Amino acid sequence: MRENPLVLHVLGARPNFVKAAPVVRGLAELAVRQGIVHTGQHYDALMSDVFFADLGLPEPIANLGVGSGSHARQTAALLTGLEEVVLEHRPDLVVVYGDVNSTLAAILVCAKLRIPTAHVEAGLRSFDREMPEEVNRVVTDALADILLVTSPDGLSHLANEGVSPAKVHLVGNPMIDSLFSALPKLDPEPLRLRLGLPERYAVATLHRPGNVDDPESARELVDAVLAVGEQVPIVVPLHPRGRGRLAEAGLVNGDSLTIIDPLGYVEFLSLVRGAALVVTDSGGVQEETTMLGVPCLTVRPNTERPITITHGTNRLVTPGTLPAAASKALADGAATPSGELPPLWDGAAGPRIARVIEAWLRGDNLSPAAQATPRVES
């Protein structure tokens, strides 16, 4: 290891930025040399640039600008671009986040070049291999050298897959760190008034391939959302992915439906904080609504974040059951998390992750006995 080791963070999509910001701050406080590689998987200002500003992330040392495309084309462009960056900078550790194609590409490039890697948000599983994200999660965890786990169920999943416990650390959820930091700035009123929304409104975010790629599935989902709109006005910050397909299926501006461009981090969470209900197929939104106490209906058959159901405000629904579930959630009013909040979702995950990485960079070795079980970081 070099005397002044270098850590590179590979970020590609807006959830990555939210997870990385607390880790970057934590490493900076420990004076660890680091840089950000922005792959450009989310490539416009509303999907990435504003997140850098909202989260206080430093300028990236490289922006690959890969843009959108099929999984094969996008991943191929990512592999080529990331290989060049890694060969140029020769980092001592590459940190990847979540389950997007940028994460998969980075882990493959580093495995081939024998560059060590750490995976933040390791161990999440939906057990649905039809989800591209699930394939990315499994491959990433199989190849990473340090597995940084956000919730206890991840420990069980990694153990069942035969991952060495010496690699595994339960550190908590850095997305919650970012949420806690943003809380004082989360005021829904200015945005609500700007959008002309009533005091009681719902928010919907829809982009998963299983929901929007197939025309029949998209139509079924849109019909369900429109039925919810008959109960409460809905605002939809619409991801570029699937925008055309959803519009063809009837997701357009109307008396009860407001379609807007994607929002920055603070504006989006402000909108969610003031909502009576959130309808989503996003993973991170399930976690954020859990912490904000907002009822969340996830239009998916499964979730890799079951802790948001057991400890939070999240429920799984189908398009067919969505209108009735929305009616009940709206009648019940503000949600409260079920029991205690998830372990280590306390706003200190970033510093924990930073300490794990710094110790690894120093070459600290645990005794064989200590390596027999995953570490729960304090």
Side-chain angles (χ1 to χ4, degrees), residues 1-2 4-42 45 47-64 82 85-86 88-100 102-103 105-107 110 115-122 140 144-150 169 171-183 185 264-266 269 284 287-288 344-362 377:
M1 198 71 67
R2 286 180 289 188
N4 188 18
L6 172 65
V7 174
L8 289 187
H9 307 265
V10 175
L11 312 180
R14 54 197 293 168
N16 292 170
F17 312 141
V18 181
K19 295 162 195 169
V23 181
V24 171
R25 285 195 300 270
L27 288 171
E29 290 174 1
L30 297 175
V32 173
R33 189 164 63 105
Q34 57 185 326
I36 290 173
V37 179
H38 183 1
T39 68
Q41 182 174 333
H42 279 177
M47 296 299 286
S48 64
D49 293 359
V50 70
F51 269 54
F52 273 75
D54 282 350
L55 295 162
L57 285 165
E59 287 290 317
I61 63 171
N63 190 326
L64 304 183
L82 286 169
V85 172
V86 170
E88 177 185 354
H89 293 278
R90 284 289 175 182
D92 298 273
L93 182 72
V94 170
V95 186
V96 298
Y97 298 81
D99 53 22
V100 298
S102 296
T103 303
I107 209 80
C110 291
I115 301 293
T117 50
H119 182 207
V120 174
E121 209 176 60
T140 299
D145 298 278
I146 305 171
L147 297 164
L148 300 156
V149 180
T150 58
H169 304 259
V171 292
N173 191 339
M175 283 194 79
I176 305 308
D177 295 27
S178 291
L179 175 57
F180 282 179
S181 295
L183 273 176
K185 297 180 283 188
Y265 179 68
V266 171
L269 281 186
E287 297 174 338
E288 289 158 345
L344 302 184
W345 286 27
D346 56 2
R352 288 190 197 98
I353 293 169
R355 290 194 295 270
V356 170
I357 289 173
E358 190 217 17
W360 185 90
L361 291 170
R362 289 198 314 263
E377 305 299 330

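All values derive from a computational prediction rather than experimental measurement. Nothing fancy with the numbering, it's 1 onward along the sequence.
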A.B. asks: Mind listing the closest non-hydrogen atom pair of Ala106 and Val96 along with its distance?
C.D. replies: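 The pair with the smallest heavy-atom distance is CB-CG1, 3.6 Å.
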
A.B. asks: Considering all heavy atoms of both residues, which atom of Leu64 and which atom of Thr39 are nearest to each other, and what is their separation?
C.D. replies: CB-O, 3.5 Å

A.B. asks: Hey, are Arg352 and Asp346 close enough for a salt bridge, meaning a charged N less than 4.0 Å from a carboxylate O?
C.D. replies: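 The answer is yes: the pair qualifies as a salt bridge.
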
A.B. asks: I need the minimum non-hydrogen distance between Pro174 and Val120, along with the two atoms involved.
C.D. replies: CG-CG1, 3.8 Å

A.B. asks: Give the intermediate values and the outcome of side chain to side chain contact (heavy atoms under 4.5 Å, CB included) for residues Ile115 and Arg90.
C.D. replies: CA-CA 8 Å; Ile115 301 293; Arg90 284 289 175 182; 4.0 Å; yes

A.B. asks: Pairs under 3.5 angstrom only: tabulate donor-acceptor contacts from the side chains of residues 19-32 to other protein residues two or more places apart or in another chain.
C.D. replies:
from  : atom 1 : to     : atom 2 : distance (Å)
Lys19 : NZ     : Glu121 : OE1    : 3.0
Lys19 : NZ     : Glu121 : OE2    : 3.4

A.B. asks: Side chain of Trp345, backbone of Thr150: donor and acceptor closer than 3.5 Å?
C.D. replies: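 Side chain of Trp345 to backbone of Thr150, a donor-acceptor pair under 3.5 Å: yes, one is there.
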
A.B. asks: Between Cys110, Pro91, Pro60, which is the residue that forms a side-chain contact (heavy atoms from CB on, under 4.5 Å) with Leu8?
C.D. replies: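 Option passing the side-chain contact (heavy atoms from CB on, under 4.5 Å) with Leu8: Pro91.
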
A.B. asks: Strictly distance-based, threshold 3.5 Å: is any side-chain N or O of Tyr265 a donor or acceptor partner for the main-chain N or O of Pro15?
C.D. replies: no

A.B. asks: Start with the C-alpha gap between Leu93 and Ile146, add the side-chain angles, then the distance that decides, and say whether side chain to side chain contact (heavy atoms under 4.5 Å, CB included) holds.
C.D. replies: CA-CA 10 Å; Leu93 182 72; Ile146 305 171; 4.2 Å; yes

A.B. asks: Go through it in stages, so that I can follow the logic: the residues are Leu344 and Val171, the test is side chain to side chain contact (heavy atoms under 4.5 Å, CB included), and I'd like the CA-CA distance, side-chain angles, deciding distance and then a yes or no.
C.D. replies: CA-CA 7 Å; Leu344 302 184; Val171 292; 5.7 Å; no

A.B. asks: Between Ile176 and Phe180, is the side chain to side chain contact (heavy atoms under 4.5 Å, CB included) condition met? List the steps.
C.D. replies: CA-CA 6 Å; Ile176 305 308; Phe180 282 179; 3.7 Å; yes

A.B. asks: Which heavy atom of Leu82 sits nearest a heavy atom of Ser102, and at what distance?
C.D. replies: CD1-O, 4.1 Å

A.B. asks: For a side-chain contact (heavy atoms from CB on, under 4.5 Å) with Thr117, tell me which candidate from Leu147, Thr140, Ile107 qualifies.
C.D. replies: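 Output: one option passes, namely Ile107.
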
A.B. asks: Can any side-chain N or O of His119 pair as donor or acceptor with the backbone N or O of Gly98 at less than 3.5 Å?
C.D. replies: yes

